There are 2 protein chains.
Amino acid sequence: MELFEERGFEGTTVADIAERAGLTKRTFFRYFGDKREVLFSGTELLEAGFVEAIAAAPADASPLDAVAAGLDAMADRLQDVGDAGARKRQAIIAANPDLQERELIKMNGFATAAAAALRDRGVTEPAASLAAEAGIAVLRIAFARWIEGPPGQDIHELLHESLVELKAVAA
Amino acid sequence: MELFEERGFEGTTVADIAERAGLTKRTFFRYFGDKREVLFSGTELLEAGFVEAIAAAPADASPLDAVAAGLDAMADRLQDVGDAGARKRQAIIAANPDLQERELIKMNGFATAAAAALRDRGVTEPAASLAAEAGIAVLRIAFARWIEGPPGQDIHELLHESLVELKAVAA
DNA sequence: GCTGTGATGACACGTAGTGACATCGCGGCC
DNA sequence: GGCCGCGATGTCACTACGTGTCATCACAGC
């Protein structure tokens, strides 16, 4: 993060990162599949909490509401990290198309995981995938507003607002 | 496409492609920003038709229905290309994570373009972005069913079914 | 026949990413 | 105490992507 803020993502070589960490390039690639991944480690945990919460949602919850419960769990962890760090991270990502691609594939991973969790709850296709995708759309919009909005805002509220808005739009 | 089917995307070097085309590597990169892009040229046209159709939708159409009109226009062009070619292409993409990332960023481009087109129609945020994202979710699911389903299927029908399903899920 | 211009080639270079092998540190074990 | 095994790291070599720079070539206009 230090190096990325100083020189940007492209301006930082893997050798630079490794040197700053007191390691070699080769070792870096043993921990991270590629250079981008260093900014996305931790996503697995986020995803795990997300699917657990979907599974744990009340049995009578609608598919979309189950996903919303998952999003709330994710929001808890995001809130813990805080918006300050998230803002820095997002600024780096926004400045680099390659990183945006990686971000999107992570989001997509969330959506497919959510769809699977919904199917485990007995939701059939294509409803499961649609609810999952719609939920991720809600997350995207809420997250963007969290990053762009005033500091210290509660992301749970933004999520809730986005969800309500989605339901209105689709009505 | 020939080379990708023979050796896979990773197994094909840019030099291979250039040689097959009777050109040099350098010239390849003057036409395509990177190796992945060669599989995604033409997306701009698809996107252009998409936004035009959104703009041309009846003034009293809801945001989501305006996006649906855009999707129908996109479906026309996809139908012209046919499912056979789309299947081959998609098989190559499915086999390579880098290509999936590129695919997602194109989809994301569609969503942001749709959101802009909706704002031009007077739709406010966050409704515009949400309707756009939801519409792209519908496209994704319908497209996947088109690729996986029986040959010769009409993608318009699949789009319509997905849209109806989304509305049910969000209700 | 001259000249400008756009497309292509030739060449060199930096960097991401990987395979193969060497080395080191450390805990267990006779 | 010395040996062994193993996981983590380093070293080295190599391929391929992507780019900057300059040369070359074809062709249109005058």
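Lettering of chains follows the sequences in order, A, B, ..., and the numbering in each one begins at 1. If you're wondering where the values come from, they're calculated on a predicted model, not measured in any experiment.
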*Per the atom types in the model, does the base of D:dG18 pair as donor or acceptor with the side chain of B:R30 at under 3.5 Å?*
no

*Once you round to the nearest 0.5 Å, how far does CD of B:Q90 lie from CH2 of B:W146?*
9.5 Å

*Going by heavy atoms in the side chains, are B:V138 and A:L130 under 4.5 Å from each other?*
yes

*Would you name the heavy atoms of A:I54 and A:A66 that are closest together and state the gap between them?*
CG1-O, 3.7 Å

*asked:* Whether B:E37 and B:K106 form a salt bridge (side-chain N of Lys/Arg under 4.0 Å from carboxylate O of Asp/Glu) is what I want to check.
replied: yes

*Tell me, please, whether A:F9 has A:K35 positioned over its six-membered ring: NZ or CZ under 6.0 Å from the ring centre and within 45 degrees of its axis?*
yes

*Is the side chain of A:R87 donor-acceptor paired with the backbone N or O of A:I147 at a distance under 3.5 Å, no angle test?*
yes

*Report yes or no: does B:R89 contribute a side-chain atom to a donor-acceptor pair with the main-chain N or O of B:L39 at less than 3.5 Å?*
yes

*Got a sec, which pairs hit salt bridge (charged side-chain N to carboxylate O under 4.0 Å, His left out) with one end in residues 129-144 of chain B, sequence neighbours left out?*
A:E133-B:R140, A:R140-B:E133

_B:T27 vs C:dT8: side-chain N/O to OP1/OP2 distance below 4.0 Å_ = no

_Value in whole Å for how far the C1' atom of D:dG10 lies from CD of A:E19_ = 15 Å

Filtered N/O pairs between nucleotides 13-19 of chain C and protein, under 3.5 Å:
unit_1	atom_1	unit_2	atom_2	d
C:dA16	OP1	A:V14	N	3.3
C:dA16	OP1	A:K35	NZ	3.4
C:dA16	OP2	A:V14	N	3.4
C:dG17	OP2	A:K35	N	2.7
C:dG17	N7	A:K25	NZ	3.3
C:dG17	O6	A:K25	NZ	3.0
C:dG19	N7	A:R26	NE	3.4
C:dG19	N7	A:R26	NH2	2.9
C:dG19	O6	A:R26	NE	2.9

*Within the structure, does a side-chain N or O atom of A:Y31 lie under 4.0 Å from either OP1 or OP2 of D:dT9?*
yes

*Which part of the nucleic acid, if any, lies within contact of B:G22, taking any heavy atom under 4.0 Å across all strands shown: a base, the sugar-phosphate backbone alone, or nothing?*
sugar-phosphate

*Just how large is the angle between the end axes of the helix from C:dG1-D:dC30 to C:dC30-D:dG1, five pairs per end, to 10 degrees?*
10°

